[in-house]
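Report on the structure given below.
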Amino acid sequence: MRLGYPCINLSLSCRSSKTFRLASFSEERFRSTVMANLRCLSEILSLNATSGLLFFRITSDLIPFASHPVNTLPWQDEFRTEFKRIGFFIKNNRMRVSMHPDQFVVLNSLDEGIVSRSVAELLYHADVLDLLGTGKDAKIQIHIGGVYGDKVASIERFIERTRSLQLRVARRLVIENDDRLYSLRDCLGVHKKTGLPVVLDVFHHSWNHHGESMREAILLAEKTWHKPDGPLLIDYSSQEKGRRPGSHAGTIDIRHFTSLLGQAMDRNCDVMLEIKDKDRSALRALKLLRVQGTERKTSRGIT
DNA sequence: CCCTGTCAAGTCACG
DNA sequence: CGTGACTTGACAGGG
């Protein structure tokens, strides 16, 4: 099991998601920002490798305005070497990376404009992972989208649109259960018709489910992943006490995470910790995992 | 230098 | 109808 955290490392001062206002777009500004972001990304990955965090979600803001019409630069060519270098590092350290486009990507929207912008954004995400030279296990995770008052039709639209995606996007696409609209069961239904693997967000599942226990959910989601996709992806978080239901914890709840490990440790999966203090909690989780792993081995040795 | 309104993009819930 | 949550800051202009 590899552990990771999303996008930002709080112990480093750099950010790989630096941006600027659309109004101040210029080729110079774009190039220098991308260069700085890529440099920061390699710093983060290098630190992660040293500390044993072998899973990382790359920010969608890595390339500012990547899929926006204002950006006509062939950035894929301009930064090919830098991407390649980072990709080698990932591979050499047996790391896994993923991406999670934000809420603006809605494949099943009723608005064709939103759909085409979403497709362009997905292509950008695939570009990044392709330029890194990552294998098929480097995934792009999205939600199914809106409901628009008719869930059946909305799911059908989602399925149709994933079918017309370019292969280099489709091969990386995975779907994730959300906390209100599309549950694990909905995602499994979409998987059945499309073959898309299902990321299990255990936090969302705890709010939006149909009675499946966490263990059942893990086993169900695991079955949607085939060998080339890599191990099942799990997104993990816990409730921040005293805040509204659904807010992510500020720091890891050791008890809660230990219980997840109990459910997931014997499975083939990688876990993304969506906790606000990022790498700090991920490191604590890693310590915990190592202790548990040792205990498991020991007890197996005895029995 | 600090403050703060606003930022490319969507959907839904709520008051 | 307008605003906040999701997640999440931080850009950039004005004082």
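Proteins come first, then strands; the chains are lettered A, B, ... in the order of their sequence lines, and each starts at number 1.
A:His100 has its ring centre less than 6.0 Å from the ring centre of A:His143. Remark: aromatic rings of A:Phe257 and A:Tyr236 are close, center separation under 6.0 Å.
Within 4.0 Å of A:Tyr148, counting heavy atoms only, lie sugar-phosphate atoms of the nucleic acid but no base atom. Across all strands shown, A:Val147 has heavy atoms under 4.0 Å from sugar-phosphate atoms exclusively, and none from any base. As judged by a 4.0 angstrom heavy-atom cut-off over every strand, A:Ser24 is placed among residues touching the sugar-phosphate backbone only. As judged by a 4.0 angstrom heavy-atom cut-off over every strand, A:Ile8 is placed among residues making no nucleic acid contact. A:Glu121 comes within 4.0 angstrom of a base, heavy atoms only. Among the protein residues, A:Lys18 comes within range of the sugar-phosphate backbone only, with heavy atoms under 4.0 Å from sugar or phosphate atoms but none that close to a base.
You'll find that the side chain of A:Lys278 is closest to C:dT8, out of B:dC12, C:dC11, C:dT8. Here the side chain of A:Ser67 is nearest to one of B:dC12, B:dT11, B:dA8, namely B:dA8. Comparing B:dT11, C:dC11, B:dA8 against the side chain of A:Ser109 picks out B:dT11 as the nearest. Closest to the side chain of A:Asp61, from the set B:dA9, C:dA10, C:dC6, is B:dA9. Closest contact between the side chain of A:His204 and the listed nucleotides C:dA12, B:dA9, C:dT7 involves C:dT7. Minimum atom distance to the side chain of A:Arg21 is reached by B:dC7, of the listed B:dC12, B:dC7, B:dG10.
When the P atom is used for both B:dC3 and C:dA5, the distance is 23 Å, rounded to whole Å. Spacing between C:dA10 and B:dT11 at atom C1', rounded to whole Å, works out to 24 Å. Taking atom P on both nucleotides, C:dC6 is separated from B:dC2 by 30 Å, rounded to a whole Å. Of the C1' atoms belonging to C:dG9 and B:dC12, the separation is 23 Å, rounded to the nearest Å. Spacing between B:dC7 and C:dT7 at atom C1', rounded to whole Å, works out to 14 Å. A gap of 14 Å separates the C1' atoms of B:dA8 and C:dC11, to the nearest Å.
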Problem - Stepwise side-chain hydrogen bond (donor to acceptor under 3.5 Å, both in side chains) check, A:Ser109 with A:Asp111 - result: CA-CA 5 Å; A:Ser109 175; A:Asp111 179 334; 5.5 Å; no
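Rounded to a whole Å, the CD atom of A:Glu240 is 16 Å from the C1' atom of C:dC6. Between the NE2 atom of A:His100 and the P atom of C:dC6 there is a distance of 14 Å, rounded to whole Å. Atoms CG (A:Asp102) and P (B:dG10) sit 11 Å apart, rounded to a whole Å. Look at CZ on A:Phe20: it is 11 Å from C1' on C:dC11, rounded to the nearest Å. Taking atom CG on A:Asp179 and atom C1' on C:dC6, their separation rounds to 8 Å, with Å as the unit.
Using a 4.0 Å cut-off, some side-chain N or O of A:His248 falls inside it from OP1 or OP2 of C:dT7. For the pair A:Arg29 and C:dA12, the criterion of a side-chain N or O lying under 4.0 Å from OP1 or OP2 is met. Considering only side-chain N and O atoms, A:Arg180 lies nowhere under 4.0 angstrom from the phosphate OP1 or OP2 of C:dA5.
In this structure, the side chain of A:Ser98 does not engage the main chain of A:Ile140 through any donor-acceptor pair within 3.5 Å. A donor-acceptor pair under 3.5 Å links the side-chain atoms of A:Asn208 to the main chain of A:Asp178, judged by distance alone. Counting only distance, with no hydrogens or angles, the side chain of A:Asp279 and the backbone of A:Ser281 share no donor-acceptor pair below 3.5 Å.
Both stacking criteria are satisfied for A:Phe104 over the base of B:dA9: a centre-to-centre distance under 5.5 angstrom and an angle between ring planes under 30 degrees.
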